[in-house]
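Values in this document were obtained by computation on a predicted structure and should not be read as measured data. Chain letters run A, B, ... following the sequence lines, proteins first and then strands; every chain starts at 1.
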Number of protein chains: 2
Amino acid sequence: MNIVQEKSRRDRKKLQRRALLIEIARRYIAAKGLRSLKVRDVAEAAGCSIGSVYNEFGDFDGLILTVNRETVQALTARLKAVPVEDPLRQLHGLADAYLGFATEHANLLRSLFEHRMEDDRPFPEDILAMVMDAFALMHAPLVRLLPDRDPDDVALLSRMMFSAVHGIISLGLEERMVAVPPEQLRERLAQFVDTHLAGLGITRGA
Amino acid sequence: MNIVQEKSRRDRKKLQRRALLIEIARRYIAAKGLRSLKVRDVAEAAGCSIGSVYNEFGDFDGLILTVNRETVQALTARLKAVPVEDPLRQLHGLADAYLGFATEHANLLRSLFEHRMEDDRPFPEDILAMVMDAFALMHAPLVRLLPDRDPDDVALLSRMMFSAVHGIISLGLEERMVAVPPEQLRERLAQFVDTHLAGLGITRGA
DNA sequence: GCCTGAAAATGAACATTGTTCAAGAAAAAT
DNA sequence: ATTTTTCTTGAACAATGTTCATTTTCAGGC
């Protein structure tokens, strides 16, 4: 018998349903926030039993983390699509791409940063590493703009800059406590990046 | 009969227990995070029934919000204690005070920013206003440092600066995804503030 | 000191929701 | 066709927020 074919037939179905469950969960989170996600709703929407969700993801956290994993992957993909020719443009592009993603997927991003594990189980290493990698994407352009600075220093600078951008955006998009009016956010964010770069001795067109 | 005295006797007891409930809830949140807070635990620890907690706070959110309200009040008090003589020192002092508070009360601050209301009930206006006020505390010193800029512009600058500081700190203190090593956080935060001020055309001792 | 009505406290019962697992169904292997 | 393995199911369970009829408390009047 053809193991590959037979196995794949079952697996394809399994994978298909897994993808369906993830998609449904993502829609719930995106639409109404992480707290609105219920195992029973997901199972019913997918046309399977509660137990199947557990078979697939182990527990509820497993499902959430799977969605979050894909969220950080999508975010990273978007950040990596920013043109790299001009390092200054790239930095602005990264900030703007982050803002764009946060605007379009506010609840998914919140789920990524606000979800706490049950009990004291450790946060999955791989998601952690992916978020760190995303936050390190300002490193390369900053190195080009600050060739004389200690690389370790630049590494920290880039993560701080990204953290700052994250703070401005995540508070700015919070409907409650609007630190910065959303309609101005894009322009102001660019201004912030410029100001900070100026403080680092980098001027536009220099 | 003495209405004031008689009423106060009952009320004192009520207020005393209310304070006890809040204190217990705060301890739970501070020690193990918002998710660890359970009505039954609080009631048992306070030596009263579950129903009494509901009598006092209406529902579970009511208790959480009361703790959060006191958290933002404590934060504001700490920020307002920063000396105002030198605006530049004040800005650094505000950032440092925020870092100090966030370090000592990481879970309480998280509870303030991460708690979502049940259903779609609106977030309490008063807490919102208090957080906004706290975030506006960088405004006064920045006005003094930038007397020629449009005041509206400075208002936004100050909130952005505070949001940025918030982002750096909240991600920096997250045990997972450490964007900036905690032991360097204080020094780096000061550096960040200096850099940004430099970008705004403000130099130390100028 | 006792009575009375209002206010507060109680906790059993309920509703929601994550989790488990024994039994059954389906698929694969022989 | 039979056996074995694997997956699926959903009833039952456990944890936890919430309600409310009953009981208790207590100030105010006699």
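For B:R18 and C:dA8, the CZ to C1' distance is 15 Å, given to the nearest whole Å. Rounded to an integer number of Å, the gap from CD of A:E56 to C1' of C:dT20 is 18 Å. Rounded to whole Å, atom P of D:dC20 lies 14 Å from atom CG of B:D59. Rounded to whole Å, the distance from CZ on B:F60 to P on D:dT16 is 10 Å. The nearest whole Å value for the distance from the CD1 atom in A:I50 to the P atom in C:dT16 is 14 Å. We find that NZ of A:K14 is positioned 11 Å from P of D:dT9, with the value rounded to whole Å. Here D:dT19 presents its P atom at 16 Å from CZ of B:F57, a figure rounded to the nearest Å. Remark: C1' of D:dT22 and CG of B:N55 are 14 Å apart, rounded to the nearest angstrom.
Taking the six-membered ring where the residue is Trp, the centroids of A:F123 and A:H115 are separated by 6.0 Å or more.
If you find the closest nucleotide of DNA chain D to A:S52 and to A:R40, the one lying nearer the 5' end belongs to A:S52. Looking at which nucleotide of DNA chain C each of A:K38 and A:G58 is closest to, the 5′-most match is held by A:K38.
Distance from the side chain of B:V39 is smallest for D:dG17 among the nucleotides D:dG17, D:dT8, C:dA9.
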| message | Could you walk me through whether B:F57 and B:V42 satisfy the side-chain contact (heavy atoms from CB on, under 4.5 Å) test, starting with their C-alpha distance in whole Å, then the side-chain angles of each, then the deciding distance to 0.1 Å, before giving a yes or no? | response | CA-CA 12 Å; B:F57 300 100; B:V42 174; over 6 Å; no

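Heavy atoms of B:R17 sit under 4.0 angstrom from primed sugar atoms or phosphate atoms, though from no base atom. Among the atoms of the strands shown, base atoms are found under 4.0 Å from some heavy atom of A:Y54. When heavy atoms are screened at a 4.0 angstrom cut-off, A:L63 is found touching no nucleic acid atom at all.
Counting only residues at least two apart or in different chains, side-chain hydrogen bond (donor to acceptor under 3.5 Å, both in side chains) contacts with residues 93-104 of chain A comprise A:R78-A:E104, A:D96-A:R186, A:Y98-A:H166.
Taking side-chain N and O atoms only, B:K13 has a distance below 4.0 Å to OP1 or OP2 of D:dC26. Listed pair B:S49 / C:dA9 fails the phosphate criterion, with no side-chain N or O lying under 4.0 Å from OP1 or OP2.
Inter-residue side-chain proximity for B:V72 and B:D133 is flagged as unmet; no heavy-atom pair is nearer than 4.5 Å.
For B:F101, the ring-ring contact (aromatic ring centres under 6.0 Å, His included) criterion is met by B:H105, not counting sequence neighbours.
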